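Everything quoted here is computed from the prediction, not taken from an experiment.
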Amino acid sequence: MAQVEKRGGLLRKSSASKKPLKEKVVLMYDEIFMTEDPSKCSPRFWEELFLMKVNLEYLEGKLESLDGEELMKIKDNINCLFQHCIQALGEEHPIRVVNALQTLCALIRGVHQKNKSTSGFDIINMLMGFDKAELCMKNLMESLDSLLCAEGSESLKSLCLKLLLCLVTVTDNISQNTILEYVMINSIFEAILQILSHPPSRREHGYDAVVLLALLVNYRKYESVNPYIVKLSIVDDEATLNVSIWILFFLFRQYKDKEEEHQSGFFSALTNMVGSMFIADAHEKISVQTNEAILLALYEAVHLNRNFITVLAQSHPEMGLVTTPVSPAPTTPVTPLGTTPPSSDVISSVELPLDADVQTSNLLITFLKYSSIVMQDTKDEHRLHSGKLCLIILTCIAEDQYANAFLHDDNMNFRVNLHRMPMRHRKKAADKNLPCRPLVCAVLDLMVEFIVTHMMKEFPMDLYIRCIQVVHKLLCYQKKCRVRLHYTWRELWSALINLLKFLMSNETVLLAKHNIFTLALMIVNLFNMFITYGDTFLPTPSSYDELYYEIIRMHQSFDNLYSMVLRLSTNAGQWKEAASKVTHALVNIRAIINHFNPKIESYAAVNHISQLSEEQVLEVVRANYDTLTLKLQDGLDQYERYSEQHKEAAFFKELVRSISTNVRRNLAFHTLSQEVLLKEFSTIS
């Protein structure tokens with residue numbers, strides 16, 4: 001018997017003497033693409049169609065091959081196919097349900113390709129017709145909701161979620177996708193949360209469910225009442241709040257200490273988990289393939305619902321990875337940045353039984369560790385977006401009263417091993433002997449690390465401003481609640497002064513792109529905050545003395561800054577007003593320098609000392625506080641609260657567009673073939 005080969009919907013005998021034969025499902029598709037109703041000649045046409053294995057490639061290709069006029073001629077048949085697909089979702093036989101779901105995916109993707117330059121209204125009309133759209137979508141959403149909430153096949157649930165992602169991402173700008181109006185009216189919020197609240201379902205479908213929820217939350221979020229935003233903002237049950245735990249576990253938990261990433265078992269499992277999320281090069285610099293969709297979901301949860309912030313305070317076990325050998329993953333990602341789906345095998349290893357002997361960590365620690373990796377490399381757009389998202393999340397946390405209380409709780413101490421970028425001018429940190437400290441110390445360490453490692457030609461001004469804002473908001477809380485934090489403040493002061501020096505030495509280059517005086521003013525006002533209120537939150541009087549010592553020691557940097565802003569504020573240029581603000585803000589710093597420097601020089605001359613030690617300088621400082629006069633500066637402990645709609649709408653609109661495009665592209669690369677499904681449903685009863 002001649003061997004039969006299947007290519008592009010054709011059945012071809014290896015003998016060249018006969019014409020190739022089309023498989024039956026392709027012949028049935030061809031009938032649909034005729035102008036007449038295919039069920040006229042064959043009453044059982046639709047019943048038989050959904051018993052046939054779907055040929056996605058042929059169906060999508062056929063839709064794409066037709067021009068607009070040809071497609072309109074068969075619109076009634078397309079509408080009929082769409083309606084029969086929805087009807088088939090209610091069938092008892094799972095094979096028909098599977099085929100209907102896959103056919104719907106092909107229809108939506110195929111029609112989108114044909115109509116991608118037109119509005120969503122054309123897509124609705126082509127798929128189901130305006131007159132029947134409301135009923136069709138109501139029935140479709142009810143069927144998908146039932147399948148997602150049922151205790152049946154996990155494969156069916158997976159296909160349902162993929163179909164929903166097809167629907168949501170049918171246009172790049174999801175707010176222009178009018179199909180989503182029906183998804184808003186017929187909410188599946190509870191079905192998504194049920195998946196995320198149930199551990200087995202969460203392991204299988206957590207990624208798709210979280211991405212779907214993140215996208216739905218962003219549909220016309222500034223223009224109308226979005227029911228998904230409303231429902232997410234009032235969630236308060238423990239099972240649902242564990243969604244954020246899953247997100248953090250998915251994104252970050254596989255990261256252990258920096259030394260471990262070079263171990264083959266860990267590295268292999270890690271790269272399998274999120275498509276080479278962390279890749280170490282020869283210089284030990286970790287490159288991160290970020291996942292913007294999951295980070296966006298975490299942001300929406302934290303931003304919309306403060307109950308999710310309380311979950312960040314919960315502890316979880318410091319679990320290791322599975323020890324099963326895994327083949328090494330390729331270092332080149334095979335799916336688009338920002339939307340890499342996980343390996344279900346590796347995700348399943350996250351949810352392990354708790355062991356009383358296993359050291360516990362904290363969910364916020366997990367986020368901080370991940371952020372320390374993401375924020376080290378901001379040179380491409382995706383990593384820049386992810387770094388910005390991490391800082392926005394930290395901004396929301398720094399403004400929250402409960403989060404601050406937890407961060408500053410002296411009875412809740414943790415060791416946090418943040419990733420430090422390898423740099424030639426500093427020694428590798430001895431991570432093994434990290435002290436246990438309140439978590440706010442780790443947040444400050446993360447901000448200091450960012451400050452000292454991103455002074456470069458492509459200066460990330462926006463990220464620097466956010467970083468300084470996080471520090472300022474933490475200081476405001478400490479001042480307000482009189483929290484005396486035992487922290488190495490000198491590292492922060494040194495980092496801030498070095499940043500000012502960088503701004504000055506690169507004035508010409510930076511001013512061509514940025515208003516550097518906004519950042520300079522924020523830095524100077526941080527010092528003013530320490531000068532004015534430091535006695536209320538610095539841990540000891542000697543810490544306040546050390547602040548003055550650092551200002552005096554680095555007086556040349558402040559003098560140079562004053563000269564620069566004075567020069568620009570006296571000229572009638574575009575920076576006059578911005579530079580003037582910095583000039584006025586420097587008044588107390590200059591008062592300190594001008595008051596103490598002559599006294600230090602006099603002390604050195606009287607005692608015949610060419611170079612004073614730190615202790616000798618501090619002795620002079622302590623002896624001359626009484627004669628120092630400072631001006632009271634208002635508003636140092638005030639800040640503008642984070643507002644997404646007014647300040648960040650453009651960023652999130654572009655981010656969601658990028659995620660939507662990549663999710664659709666990623667779905668297109670994912671096979672929706674039936675082999676696994678047919679094994680699961682091997683018989684039709």
Quick one: does [X]'s side chain get under 4.5 Å of [Y]'s, heavy atoms only?
X: Tyr370; Y: Leu295; result: yes
X: His454; Y: Phe459; result: no
X: Leu475; Y: Lys480; result: no
X: Lys501; Y: Met554; result: yes
X: Ser201; Y: Gln194; result: no
X: Tyr219; Y: Val183; result: no
X: Ser557; Y: Leu500; result: no
X: Asn413; Y: Leu439; result: no

Tell me, please, which residues at least two apart from Phe558 pass ring pair (Phe, Tyr, Trp, His ring centres under 6.0 Å).
-> Phe527

Just jot down the ring pair (Phe, Tyr, Trp, His ring centres under 6.0 Å) partners of Tyr533, sequence neighbours excluded, or say none.
-> none

Taking side-chain contact (heavy atoms from CB on, under 4.5 Å) as the test, write out the residues that go with Arg641, two or more places apart.
-> Glu399, Tyr639

Give the C-alpha distance, both sets of side-chain angles, the deciding distance and a yes or no for salt bridge (charged side-chain N to carboxylate O under 4.0 Å, His left out) between Arg466 and Glu648.
-> CA-CA 12 Å; Arg466 293 176 192 280; Glu648 312 294 348; 2.9 Å; yes

Side-chain donor-acceptor pair under 3.5 Å between [X] and [Y], yes or no?
X: Asn515; Y: Thr518; result: yes
X: Lys473; Y: Thr395; result: no
X: Ser543; Y: Thr540; result: yes

Tyr299 vs His303 aromatic rings, parallel, tilted or perpendicular, using cut-offs 30° and 60°?
-> parallel

Which is it for Glu458 and Lys513 under the salt bridge (charged side-chain N to carboxylate O under 4.0 Å, His left out) test, yes or no, and what are the steps along the way?
-> CA-CA 10 Å; Glu458 293 299 322; Lys513 299 179 181 179; 3.7 Å; yes

Among Leu164, Leu215, Asn662, Val211, find the one that has a side-chain contact (heavy atoms from CB on, under 4.5 Å) with Thr169.
-> Leu215

In a check of side-chain contact (heavy atoms from CB on, under 4.5 Å) between Met375 and each of Met447, Met421, Lys388, Glu449, which one passes?
-> Met447

May I have the step-by-step check of salt bridge (charged side-chain N to carboxylate O under 4.0 Å, His left out) for Asp445 and Arg437, ending in yes or no?
-> CA-CA 11 Å; Asp445 284 348; Arg437 302 176 297 172; 2.4 Å; yes

Rounded to the nearest 0.5 Å, what separation is found between the [atom1] atom of [X] and the [atom2] atom of [Y]?
X: Asn305; Y: Asp236; atom1: CG; atom2: CG; value: 8.0 Å
X: Ile195; Y: Leu148; atom1: CD1; atom2: CG; value: 4.5 Å
X: Asn173; Y: Lys653; atom1: CG; atom2: NZ; value: 5.5 Å
X: Thr532; Y: Lys631; atom1: OG1; atom2: NZ; value: 13.0 Å
X: Glu190; Y: Cys149; atom1: CD; atom2: SG; value: 8.5 Å
X: Ile234; Y: Ile229; atom1: CD1; atom2: CD1; value: 12.5 Å

Which heavy atom of [X] sits nearest a heavy atom of [Y], and at what distance?
X: Asn307; Y: Val235; value: ND2-O, 3.2 Å
X: Leu446; Y: Ser372; value: CD1-CA, 3.5 Å
X: Tyr228; Y: Ser187; value: OH-CA, 3.4 Å

Got a sec: does the CD of Gln645 have more than 12 other heavy atoms crowding it under 6.0 Å?
-> yes

Working for side-chain contact (heavy atoms from CB on, under 4.5 Å), residues Ile397 and Leu407 | CA-CA 9 Å; Ile397 291 171; Leu407 286 172; 4.0 Å; yes

So Tyr477 and Gln401, side chain to side chain donor-acceptor pair (under 3.5 Å) or not? Walk me through it.
-> CA-CA 8 Å; Tyr477 175 84; Gln401 187 76 8; 4.8 Å; no

Are His385 and Phe651 an aromatic pair by the rule of ring centers under 6.0 Å?
-> yes

Verify the ring-centre separation between Phe530 and Tyr544: is it less than 6.0 angstrom?
-> no

side-chain contact (heavy atoms from CB on, under 4.5 Å) between Lys479 and Cys476: does it pass, once the steps are laid out?
-> CA-CA 5 Å; Lys479 181 260 177 184; Cys476 288; 5.8 Å; no

Residues Met529, Asn525; criterion side-chain contact (heavy atoms from CB on, under 4.5 Å); working and verdict | CA-CA 6 Å; Met529 183 93 173; Asn525 278 338; over 6 Å; no

Stepwise side-chain contact (heavy atoms from CB on, under 4.5 Å) check, Phe517 with Lys581 = CA-CA 8 Å; Phe517 303 107; Lys581 291 180 180 178; over 6 Å; no

Is it the case that Lys221 places NZ or CZ above or below the six-membered ring of Phe652, under 6.0 angstrom from the centre and within 45 degrees of the axis?
-> yes

